[in-house]
Structures are given as C-alpha cells and as structure tokens.
Amino acid sequence: MIKLIEIYRKEIIKYLFEIKSFSQSWENSWKKEILTLLNNEELNEVNFFKLGENLRRIFLLTSSGDRGQGEVSSAGTGWESLLAWYLNLGLIGTRTIVIKPKKKFNFDTIQKTITVNYGNFISNSESDLIAVTFPPKKDIAYSVEKLEEYENKVFSIDLLEELDAYSVDKINLFLNKIIENNISKIEVNVIQCKTNWNDNAQIPMGWDIIYSSTGFTKDNIKIGRDGFSIHKIKDFRYSFITVPTQKNLDKIKETSTQVLRVNKLSGGIFWGEKTKLNVAKNINEIFNDNFHESYNEIKFNERIKNLDLKEIGL
DNA sequence: CATCGCCTCTCTACAAAGAG
DNA sequence: CTCTTTGTAGAGAGGCGATG
C-alpha cells in the first residue's frame with residue numbers, strides 16, 4: 001500500500017517539474033536558496049520545518065513586482081506547485097498524498113465526493129490541492145466481488161509489490177478502487193492556495209460555508225454525486241494556505257477582515273511565515289494539525305532516511 | 001484551440017482617531 | 001466642534017499559463 005502511494009507521489013513530484021511556472025523559478029533561485037538553507041546538513045525534521053518558515057521569503061525571491069497577466073497566472077501556479085512539493089515531501093512514506101489536480105492524478109471517487117451540484121451546474125473546485133489519506137494497510141477492506149483479473153490481483157495486498165512497474169493510470173484506477181471500497185475510512189483535505197491574502201479570502205470562506213452545510217433548503221444544491229459525499233468519509237477539511245504577498249505583515253491582525261473571513265475554516269489557515277497567534281500558523285504545522293495520525297506513524301527522519309534528494313529536485 | 005483559474009498592484013472612499 | 005491624519009476595505013483593471 002504505502003509503496004504504491006510512493007510511486008504515485010513520485011510521479012506527482014516529477015510532474016511539478018514539468019510545469020514552467022514552477023521549474024523556472026525553481027532553477028532560477030528556489031533550489032539554490034533551499035540548499036543554502038540546508039547548509040550541507042542532512043534533511044531532517046528540524047530543517048524541514050525551518051524551510052516551511054522560509055517559504056514566503058523563498059517564494060518572493062522570484063517576484064518581479066509586476067502584476068501583468070503573465071505574472072498573475074504563473075505566480076498562482078508557482079505557489080500551488082511549491083506547496084505540492086513541500087507537503088508531499090513532508091508526507092513521504094505516509095498514507096497521505098497531496099494531489100495537484102491533473103486528469104491522470106485525480107481520483108474519480110474523490111472528485112465525486114467533493115462535487116457541488118448547483119442546479120444543472122456541476123462544480124468541483126478542481127484547481128486546489130487535495131490531500132487524500134488512506135486507511136492504514138491493515139484496515140483496508142478486501143473486496144469479495146468477482147472482478148476482472150487485474151482487479152483480483154490488485155485487491156490482493158500481498159501482490160502489491162508487483163505493481164511497481166504499473167503505469168500511473170493503473171495505479172490511479174487501483175487506488176480509486178481502494179477509496180471506493182473503503183470510503184468511510186478515507187480522509188480528504190481540500191487545500192486552497194492563494195498568494196495574497198485580501199478580499200480573495202472570500203473564496204475559501206464561501207467554499208467552507210458550502211461544505212460545512214448539512215443540507216440546503218433549496219433541493220437543487222447538493223454536495224456529492226453517485227452516492228459519494230463528504231458526509232460518508234471519515235473526515236473532510238477545508239484549509240487555506242497563503243504566501244502572503246502583502247509587504248507589511250503587521251497589518252494582518254487577528255481583527256483584520258481577511259483573517260476573520262477564514263478563521264473558521266475546518267482545516268485551518270497557514271502561511272509561509274512564522275506562526276502568528278490567532279492569525280495564521282506556519283505551513284509546517286499542517287502536518288500535525290491535519291495529518292496527525294499518518295504523519296506520526298513513522299517519524300519523518302525515519303521516513304526520509306533513504307531519500308535521494310535528486311528525486312525531489314534538489 | 002477553447003476553457004478555466006490565476007492576482008509577485010495601486011488607488012480611492014470612508015471611518016475613526018487625534019489635534020487644536 | 002471642526003479640520004487633519006491615519007488606517008483599511010474594497011474596487012479596479014487587465015490576458016496569460018496549463019490543460020484536455
């Protein structure tokens with residue numbers, strides 16, 4: 001199980017480096033800065049968390065100060081990708097995976113779970129990062145249905161080792177089946193990424209309000225599709241992670257509108273700066289807040305012991 | 001090649017506080 | 001009580017990057 005998720009994670013990380021808005025910034029300055037921060041030390045939880053506290057500074061290195069459409073677009077992609085990288089690095093070796101939406105990585109079941117049906121309009125906030133936590137290996141239910149040969153094979157946990165050579169598409173199908181058959185044990189955390197933290201905080205606020213509803217009086221508004229719903233899974237959270245790009249952080253206070261707009265989010269507010277009480281926590285706190293169980297099953301330092309830094313672009 | 005989602009700024013209006 | 005200063009919410013404007 002774990003192994004299969006790692007293959008998938010590796011593919012996601014590989015894909016991040018195919019995105020220009022990420023890889024260019026990475027090569028131009030982010031990579032160097034991260035390596036400087038590590039200062040020839042081995043990667044460990046302490047400096048990994050420290051990296052979290054420097055993520056805003058690192059991100060802003062590539063700031064041109066322009067707000068042309070190109071900058072607007074690539075800044076957003078860049079931040080989202082950087083977070084996908086950081087979060088997946090922190091979760092290496094766990095049963096939680098952070099997906100940056102792309103057709104071949106999306107799980108059909110999860111998409112259905114978080115879909116919002118607004119009349120005839122089907123909306124699933126596709127552009128956000130989605131963290132999916134699988135149940136521990138021992139809790140995964142076997143399917144007794146008679147399936148095609150492939151499915152029989154993949155439902156036999158013992159044979160998982162053989163799946164190494166399988167393509168992303170097949171792993172996707174397989175993991176998707178696992179989700180389907182274990183839906184009540186699956187945890188989902190939708191992570192809304194935004195570079196600035198102003199009035200656009202209305203967006204995560206809006207989604208959180210929708211997702212926290214237990215039902216609408218208008219019966220043409222519904223969450224979930226084909227029997228999948230956030231109410232049928234183990235845990236659903238909505239989080240917000242911002243750089244933020246505002247120059248003066250002192251202006252962002254616990255009484256500020258943009259803070260109040262998101263301070264009830266089920267999954268919390270995080271940023272690339274040191275934790276500020278009642279405003280935002282540093283990104284590194286998301287691991288213990290939202291992925292506590294899976295993150296701590298095996299210690300981070302243990303999980304990354306045999307990690308080749310090249311695999312994560314360093 | 002159509003669709004979708006992105007905001008690495010800047011300015012103004014208004015309210016509240018402060019000065020006299 | 002009126003004028004000035006300070007703080008901040010909100011509006012405005014304007015195409016590109018990634019994907020399928």
Side-chain angles (χ1 to χ4, degrees), chain A residues 11-31 33 54-86 98-108 111 114-116 118 120-130 167-169 172 190-207 210 238-263 269 271-273 276 278-280 283:
Chain A
E11 289 296 323
I12 291 175
I13 291 174
K14 209 164 87 190
Y15 149 66
L16 293 177
F17 288 92
E18 289 165 13
I19 302 169
K20 257 194 188 166
S21 302
F22 175 70
S23 62
Q24 272 182 6
S25 299
W26 184 268
E27 289 307 324
N28 288 344
S29 46
W30 294 352
K31 178 182 177 180
E33 195 58 30
N54 280 276
L55 231 46
R56 172 169 178 267
R57 189 177 58 78
I58 291 170
F59 178 78
L60 291 176
L61 285 175
T62 41
S63 170
S64 63
D66 275 343
R67 200 190 171 88
Q69 300 307 335
E71 283 81 6
V72 164
S73 180
S74 72
T77 309
W79 179 239
E80 193 177 306
S81 305
L82 183 59
L83 289 176
W85 179 86
Y86 185 77
V98 178
I99 297 164
K100 182 169 183 326
K102 186 179 165 71
K103 187 111 193 240
K104 69 170 174 175
F105 292 124
N106 286 343
F107 296 122
D108 198 36
Q111 292 299 323
I114 61 176
T115 289
V116 173
Y118 189 75
N120 291 328
F121 179 60
I122 295 171
S123 169
N124 38 22
S125 40
E126 259 188 81
S127 66
D128 309 309
L129 298 180
I130 299 172
S167 70
V168 177
D169 294 351
N172 176 284
V190 172
I191 302 168
Q192 172 82 238
C193 312
K194 297 217 170 287
T195 57
N196 71 57
W197 190 2
N198 277 337
D199 52 313
N200 60 11
Q202 289 165 344
I203 296 166
M205 176 180 79
W207 284 110
I210 292 166
Y238 201 92
S239 318
F240 174 62
I241 311 184
T242 178
V243 177
T245 51
Q246 271 79 350
K247 289 193 180 74
N248 189 354
L249 291 187
D250 294 336
K251 284 190 177 172
I252 304 177
K253 292 174 288 207
E254 59 175 290
T255 51
S256 303
T257 303
Q258 70 262 52
V259 176
L260 296 172
R261 284 219 165 104
V262 286
N263 76 350
I269 322 168
W271 64 8
E273 273 287 327
K276 185 170 172 182
N278 295 329
V279 174
I283 299 163

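Convention: sequence-line order gives letters A, B, ...; per-chain numbering from 1. Here the structure is a predicted model, which is why all the values come from computation and not from measurement.
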Rounded distance (Å) that lies between atom [atom2] of [N] and atom [atom1] of [X]:
X	N	atom1	atom2	result
A:F59	B:dC6	CZ	P	13 Å
A:L129	B:dG5	CG	C1'	14 Å
A:D66	C:dG15	CG	P	13 Å
A:N198	C:dT8	CG	C1'	10 Å
A:W271	B:dT8	CH2	P	15 Å
A:K194	B:dC6	NZ	C1'	8 Å
A:Q69	B:dC6	CD	P	14 Å
A:N196	B:dC9	CG	P	9 Å

Does a nitrogen or oxygen in the side chain of [X] sit under 4.0 Å from OP1 or OP2 of [N]?
X	N	answer
A:K247	B:dC9	yes
A:T257	C:dA9	yes
A:T245	B:dT8	yes
A:K102	C:dG20	yes
A:Q258	C:dA9	yes
A:S21	C:dA18	yes
A:T195	B:dT8	yes
A:R67	B:dC11	no

Next item on the list: Decide whether A:Q246 and A:N198 meet the rule of one side-chain donor and one side-chain acceptor closer than 3.5 Å.
Entry: yes
Note to self: Students often get this wrong, so: under 4.0 angstrom with heavy atoms, is A:R56 touching a base, only sugar-phosphate, or nothing?
What the structure shows: nothing
Check: When all nucleic acid strands are considered with a 4.0 Å heavy-atom cut-off, which category describes A:Y15: base, sugar-phosphate, or nothing?
Finding: sugar-phosphate
Note to self: If I pick the C1' atom on B:dC7 and the same atom on C:dG10, what distance separates them, to the nearest angstrom?
What the structure shows: 15 Å
Notebook entry, point to check: Which comes earlier along DNA chain C counting from the 5' end, the contact point of A:K251 or that of A:G68, where each point is its nearest nucleotide?
Noted result: A:K251
Check: Where each residue is assigned the nucleotide of DNA chain C containing its nearest heavy atom, which of A:G70 and A:K103 is assigned the position nearer the 5′ end?
Finding: A:G70
Item checked: Base paired to B:dA13 (Watson-Crick or G-U; both N/O distances under 3.5 angstrom) -> C:dT8
Notebook entry, point to check: Considering Watson-Crick and G-U wobble pairs with both distances under 3.5 Å, what does B:dA19 pair with?
Noted result: C:dT2
Notebook entry, point to check: Can a donor-acceptor pair under 3.5 Å be found between the side-chain atoms of A:T77 and the base atoms of B:dG5?
Noted result: no
Please find the pair of heavy atoms, one from [X] and one from [Y], that lie closest to each other, and give the distance.
X	Y	answer
A:V262	A:P204	CG1-CG, 3.9 Å
A:F105	A:E11	CZ-O, 3.7 Å
A:S123	A:W207	OG-CH2, 3.4 Å

Next item on the list: Could you check A:Y238 against A:I210 for side-chain contact (heavy atoms from CB on, under 4.5 Å), going step by step and ending with a plain yes or no?
Entry: CA-CA 11 Å; A:Y238 201 92; A:I210 292 166; over 6 Å; no
Next item on the list: Just compare C:dA18, B:dT8, C:dG17 and give me whichever is closest to any side-chain atom of A:S73.
Entry: C:dG17
Check: Any side-chain heavy atom of A:S63 sitting closer than 4.5 Å to one from A:T245?
Finding: no
